[in-house]
Amino acid sequence: MDKLLYTTYDQDKVNDLQEILGELNLDIEFIGLSSIDYAPQKSYSEETFLNNARNTAHRLAEYTKLPTLSESSGLSVDYLFNSLEILPYHHNGQDDKARLLGYLGGVPSEKRTASYYTTFAFSWPGQEDNDIVSSGRISGVIAKYPFGNSTYGYDSLLINCRRKHGISIP
């Protein structure tokens with residue numbers, strides 16, 4: 001059985017990927033960073049999510065000699081970028097949600113626009129020119145307070161497409 005490294009310490013993410021791709025009957029074992037002794041740190045210092053994902057994938061593919069899937073994502077809040085030049089806004093727990101809502105205190109809904117970006121990079125050891133890259137973006141507005149049951153990232157703050165459909169913004 002071949003192995004593929006997914007650059008996360010979140011075993012639930014590894015299991016989800018194993019389950020999704022397991023339906024393809026591939027003989028691949030997905031492992032996370034918790035399975036790697038002395039794994040190099042993920043890259044957060046680059047200017048783009050693409051560069052962070054690729055840098056991390058390249059470094060860990062070389063270190064482990066395994067094909068490696070890396071992801072980099074974050075929230076870009078237009079008002080904060082314009083006023084505080086904060087980009088991207090990385091999630092580091094509940095305190096970050098409170099800090100984000102504090103930054104946006106008193107800001108009207110029409111100025112709370114934001115996008116959540118994510119980029120995946122797949123790299124083979126020694127083959128950086130053959131990366132497979134995929135990126136996506138969800139745009140919406142930041143709610144005035146958390147909504148729903150999600151405790152992951154900014155899911156309880158970013159409302160996408162609701163304004164178009166007449167749904168009020170919490």
Side-chain angles (χ1 to χ4, degrees), residues 1-78 80-81 86-100 114-140 142-143 146-161:
M1 175 181 287
D2 291 322
K3 290 184 180 181
L4 183 146
L5 174 64
Y6 184 16
T7 62
T8 182
Y9 285 99
D10 185 339
Q11 191 58 42
D12 288 338
K13 283 185 176 183
V14 175
N15 295 343
D16 287 348
L17 183 62
Q18 184 75 56
E19 183 179 324
I20 291 166
L21 294 180
E23 295 172 6
L24 300 175
N25 295 320
L26 301 174
D27 194 24
I28 298 174
E29 176 188 0
F30 295 88
I31 62 171
L33 290 174
S34 60
S35 300
I36 306 299
D37 291 333
Y38 308 106
Q41 291 293 317
K42 292 178 70 169
S43 177
Y44 295 104
S45 60
E46 302 297 328
E47 291 188 21
T48 66
F49 296 115
L50 172 61
N51 288 346
N52 281 328
R54 291 185 77 188
N55 188 318
T56 297
H58 296 162
R59 193 168 55 242
L60 283 151
E62 287 306 312
Y63 180 79
T64 63
K65 304 300 182 212
L66 293 172
T68 300
L69 177 65
S70 183
E71 159 293 308
S72 182
S73 56
L75 188 64
S76 173
V77 179
D78 299 323
L80 296 180
F81 181 68
I86 297 174
L87 177 71
Y89 197 87
H90 289 286
H91 171 68
N92 289 316
Q94 291 297 107
D95 290 344
D96 272 2
K97 288 181 190 179
R99 186 173 31 237
L100 174 59
S115 295
Y116 183 83
Y117 296 88
T118 190
T119 299
F120 285 88
F122 184 84
S123 188
W124 289 264
Q127 298 182 35
E128 292 181 5
D129 292 337
N130 294 325
D131 288 353
I132 298 172
V133 176
S134 180
S135 296
R137 169 183 152 179
I138 297 173
S139 295
I142 300 296
F147 63 94
N149 298 324
S150 178
T151 59
Y152 184 76
Y154 293 105
D155 291 355
S156 65
L157 295 179
L158 183 64
I159 303 169
N160 81 344
C161 302

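We use all heavy atoms of the structure for the numbers below, so side chains are in, but hydrogens, waters and symmetry mates are not. Note that this is a predicted model, so its numbers are computed, not measured.
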Once rounded to the nearest 0.5 Å, what's the spacing between atom [atom1] of [X] and atom [atom2] of [Y]?
X     : Y     : atom1 : atom2 : result
Lys3  : Asp27 : NZ    : CG    : 12.5 Å
Asp2  : Leu26 : CG    : CG    : 10.0 Å
Ile31 : Thr68 : CD1   : OG1   : 8.5 Å

- Could you pull out all residues at least two apart from Leu21 that satisfy side chain to side chain contact (heavy atoms under 4.5 Å, CB included)?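 For Leu21 the side chain to side chain contact (heavy atoms under 4.5 Å, CB included) partners, ignoring immediate neighbours, are Leu17, Leu24, Phe30.
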Measure across [X] and [Y] and return the closest heavy-atom pair with its distance rounded to 0.1 Å.
X      : Y      : value
Pro67  : Pro125 : N-CD, 4.0 Å
Ala114 : Asp78  : N-OD2, 3.9 Å
Asp37  : Tyr63  : O-OH, 2.8 Å
Ser123 : Glu128 : OG-CA, 4.4 Å
Thr119 : Val133 : CG2-CG1, 4.0 Å

- Task: Run the numbers on Lys65 and Glu62 for salt bridge (Lys or Arg N to Asp or Glu O under 4.0 Å), then give the verdict.
- Result: CA-CA 5 Å; Lys65 304 300 182 212; Glu62 287 306 312; 3.5 Å; yes
- Query: ring-ring contact (aromatic ring centres under 6.0 Å, His included): which pairs involve residues 118-140, sequence neighbours left out?
  - Reply: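 As it turns out, the ring-ring contact (aromatic ring centres under 6.0 Å, His included) pairs with a partner in residues 118-140, which skip direct neighbours, are Phe122-Trp124.
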- Query: Side-chain contact, heavy-atom cut-off 4.5 Å: Thr8 with Glu71?
  - Reply: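 Of all side-chain heavy-atom pairs linking Glu71 with Thr8, none is under 4.5 Å.
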- Task: Side-chain contact test, heavy atoms from C-beta onward, threshold under 4.5 Å: evaluate it for Phe49 versus Ser135 and give yes or no.
- Result: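 A side-chain contact under 4.5 Å is absent here.
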- Task: Verify the neighbour count for atom CG of Asp129: are there more than 12 heavy atoms of other residues, nucleotides or ligands below 6.0 Å?
- Result: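 Count not over threshold, so no.
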- Message: Whether the Arg137 and Ser139 side chains hold a donor-acceptor pair (N or O, under 3.5 Å, no angle test) is what I'd like checked.
- Response: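 Short answer, yes.
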- Regarding Ser73 and Tyr116, is there a side-chain donor-to-acceptor distance under 3.5 Å anywhere?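 Their side chains do contain a donor-acceptor pair, which is all the 3.5 Å distance test asks for.
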- Look at the side chain of Tyr6 and the backbone N and O of Gln18, then say whether any donor-acceptor pair between them is shorter than 3.5 Å.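 Judged by distance alone, no pair lies under 3.5 Å.
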- Residue of the set Asn55, Leu5, Thr7, Asp131 for which side-chain contact (heavy atoms from CB on, under 4.5 Å) holds with Ser70: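 Answer to the side-chain contact (heavy atoms from CB on, under 4.5 Å) test with Ser70 among Asn55, Leu5, Thr7, Asp131: Thr7.
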- Considering the options Asn15, Asp16, Asp10, which one meets the side-chain contact (heavy atoms from CB on, under 4.5 Å) requirement together with Lys13?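 Testing Lys13 for a side-chain contact (heavy atoms from CB on, under 4.5 Å) against Asn15, Asp16, Asp10 leaves exactly one candidate, Asp10.
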